[in-house]
Amino acid sequence: MLSVLQLYSASPLRNFSYLIYSDRNGEAVCIDPYDAKQIITALKKHGLKLKSILNTHEHPDHVHGNLELKEETKANVFGHPDARGKIPGMDETLKESGVYFENEGDSLVAWETPGHTDCHFCFAIQSRTRIHSVFSGDMIFNAGVGNCTRGGNPSRMYHTVKNRFYSIPDEVLLYPGHDYWENNLGFSESIEPKNNNITKVRSMMQTKRKDVEFLISDFGMERKINPFFRLKENSILNSAKLSPAETLSEEELFIKLRKLRDSW
Ligand SMILES: [Fe+2]
């Protein structure tokens, strides 16, 4: 089995880094290190040995801790082949469907997911029979998707979301690269003001200690609150903000929604 530790840095961008580790032998990999000292403390506290650093993409807030963490742990740094030169300390390249960590039937698998940038990967914990969780970097957020303003492309983003995530099972857990719950729910609400599921999620969030505990969603929840997963719903097609949505293709609607979010 592979276990997950979620590490949060409030400043400047509410970043999440993740440690994926094996209970059996104490080996671990880190996805998107932000605060190297925080990660080193967590490794020591849990008695873990870091094998690899995996970067979802090349943006500075996702590779910030690479060099310090590499120096301290001697872990190998992996990134997209086209991001070489932009990812500090990069040693090795990621490839589609490559396995970057394994333990007792669980594998951590890389999925190439262009859109937010052309050099983006997500990582999934999978067993033989199912996908358990996805580490989505800046591709999928709670109640939203990543922007395409720094090296991305909204059409590619749409095709990646459609091909990789529209049919993903409801029970798969989502671990994004940032805590953007609050802003994204505000946008969702502006698009679908009568969506009661948004109100329900807000009250679930209120049971969590702010900036200490975080609501983890699954794709079933995202299908209820994330407008980018709801393009066929009447409440989206009839949304005043998106009008006239019914004349648009699904891709055009996705791009229009992304553009509205950019200026929201
Ligand atoms: Fe990014």
Side-chain angles (χ1 to χ4, degrees), residues 6-20 29-36 38-39 52-70 77-90 93-94 96 100 108 110-124 133-161 163-165 174-185 187 214 217 222 226-229 254-255 257-264:
Q6 185 182 47
L7 301 168
Y8 174 67
S9 297
S11 177
L13 287 168
R14 311 184 66 80
N15 274 82
F16 287 127
S17 300
Y18 295 95
L19 286 171
I20 319 295
V29 302
C30 181
I31 296 175
D32 287 355
Y34 184 78
D35 178 346
Q38 177 194 45
I39 293 161
S52 310
I53 295 166
L54 310 177
N55 293 127
T56 57
H57 65 296
E58 71 276 25
H59 284 160
D61 54 315
H62 293 258
V63 302
H64 184 263
N66 275 17
L67 290 180
E68 191 179 343
L69 193 56
K70 180 179 174 175
V77 177
F78 291 75
H80 192 289
D82 296 339
R84 204 181 270 287
K86 297 179 187 166
I87 292 184
M90 181 166 152
T93 53
L94 295 165
E96 165 59 33
Y100 294 93
L108 186 67
W111 297 354
E112 193 166 10
T113 51
H116 172 68
T117 74
D118 284 345
C119 304
H120 196 289
F121 276 91
C122 293
F123 299 95
S133 46
V134 172
F135 301 86
S136 60
D138 284 355
M139 181 74 210
I140 311 284
F141 292 121
N142 303 114
V145 298
N147 66 46
C148 303
T149 55
R150 290 186 299 149
N153 176 295
S155 173
R156 277 201 283 286
M157 171 71 91
Y158 164 72
H159 287 285
T160 299
V161 175
N163 296 333
R164 290 282 186 181
F165 296 102
L174 173 64
Y175 290 106
H178 300 268
D179 171 37
Y180 288 163
W181 264 121
E182 209 161 318
N183 278 352
N184 282 348
L185 278 180
F187 177 70
F214 299 91
S217 76
E222 293 301 322
N226 189 329
F228 295 91
F229 281 73
F254 184 99
I255 292 170
L257 198 54
R258 185 55 261 177
K259 207 169 176 181
L260 274 179
R261 179 65 182 87
D262 288 342
S263 57
W264 185 74

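Sequential numbering from 1 along the given sequence is applied to the chain's residues. As the structure lists them, so they are numbered: ligands from 1, and atoms in each ligand from 1. Hydrogens, waters and symmetry mates play no part in the numbers below; they use all other heavy atoms, side chains included.
Residue His59 approaches the Fe ion (ligand 1) most closely through its N/O/S atom ND1.
Counting only distance, with no hydrogens or angles, the side chain of Ser136 and the backbone of Cys122 share no donor-acceptor pair below 3.5 Å.
Checking Asn183, Val145, Asn147 one by one against Arg261, the side-chain contact (heavy atoms from CB on, under 4.5 Å) holds for a single residue, Asn183. Between Phe135 and the choices Phe123, Tyr18, Phe121, the ring-ring contact (aromatic ring centres under 6.0 Å, His included) rule is met once, by Tyr18.
His120 and His59 share no donor-acceptor pair across their side chains, judged by distance under 3.5 Å alone.
To the nearest 10 degrees, the angle centred on the Fe ion (ligand 1) between NE2 in His57 and NE2 in His116 reads 100°.
Look at His120 and the Fe ion (ligand 1): no N/O/S atom of the residue is under 2.8 Å from the metal. At least one N, O or S atom of Asp138, from either the backbone or the side chain, sits less than 2.8 Å from the Fe ion (ligand 1).
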